[in-house]
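Residue numbers run from 1 in the order of the sequence given.
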Amino acid sequence: MAPVPIVSLRLFAQAREAAGTGSTEVSGDTVGEVLATAAQTFGPEFAAVAEACRVWRNGEVAQAGDPVLDGDEVAVLPPVSGG
């Protein structure tokens, strides 16, 4: 059985504030597992913010079921309001 990948999780704006950090390393086989692990680590406030965010893997829009590999970067970007 292969080891679970470790990815770099980058957090921006409200996600960074809710987690108390801008980056960390998280394990998971998919983008969804990475986010679930982060939600367990950082708590319900982070989980609520993350639900409204766009998620990118290695610079491309990602879905929860997308697989991740060791060294991938998963970024959580809250929606931006402008005016």
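Heavy atoms only, all atoms of each residue included: P78 and A15 are closest at CG-N, 3.8 Å. D72 and V68 make their closest contact through OD2-CA, 3.4 Å (heavy atoms, listed as atom of the first residue, atom of the second, distance). When every heavy atom of D70 is checked against every heavy atom of P5, the shortest pair comes out as OD1-CA, 3.2 Å.
Partners of T30 by side chain to side chain contact (heavy atoms under 4.5 Å, CB included), not counting sequence neighbours, listed by chain and number: E33. A18 pairs by the side chain to side chain contact (heavy atoms under 4.5 Å, CB included) definition with E45, F46, V49, not counting sequence neighbours. With sequence neighbours left out, D66 forms a side-chain hydrogen bond (donor to acceptor under 3.5 Å, both in side chains) with no residue at all. For R10, the salt bridge (charged side-chain N to carboxylate O under 4.0 Å, His left out) test picks out E73, with sequence neighbours left out.
Between the CG atom in L11 and the CG atom in L77 there is a gap of 9.5 Å [rounded to 0.5 Å]. Taken from OG1 in T37 to CZ in F42, the straight-line distance is 10.5 Å, to the nearest 0.5 Å. Rounding to the nearest 0.5 Å places CG of N58 at 9.5 Å from OG of S8.
Chaining together hydrophobic side chains whose heavy atoms lie under 4.5 Å apart leaves V4 on its own. Here I6 is tied to no hydrophobic group at all, with no ILVMFWY side chain closer than 4.5 Å.
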I'd like to know whether T41 forms a side-chain contact (heavy atoms from CB on, under 4.5 Å) with V26, so could you lay out the CA-CA distance, the side-chain angles of the two residues, the decisive distance to 0.1 Å, and finally the verdict.
CA-CA 9 Å; T41 301; V26 179; over 6 Å; no
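For residues 1-25, the set of pairs meeting the ring pair (Phe, Tyr, Trp, His ring centres under 6.0 Å) definition, not counting sequence neighbours, is empty. Annotation: side-chain hydrogen bond (donor to acceptor under 3.5 Å, both in side chains) contacts involving residues 16-29, sequence neighbours excluded, are absent. Among residues at least two apart or in separate chains, there is no salt bridge (charged side-chain N to carboxylate O under 4.0 Å, His left out) pair with a member in residues 49-62.
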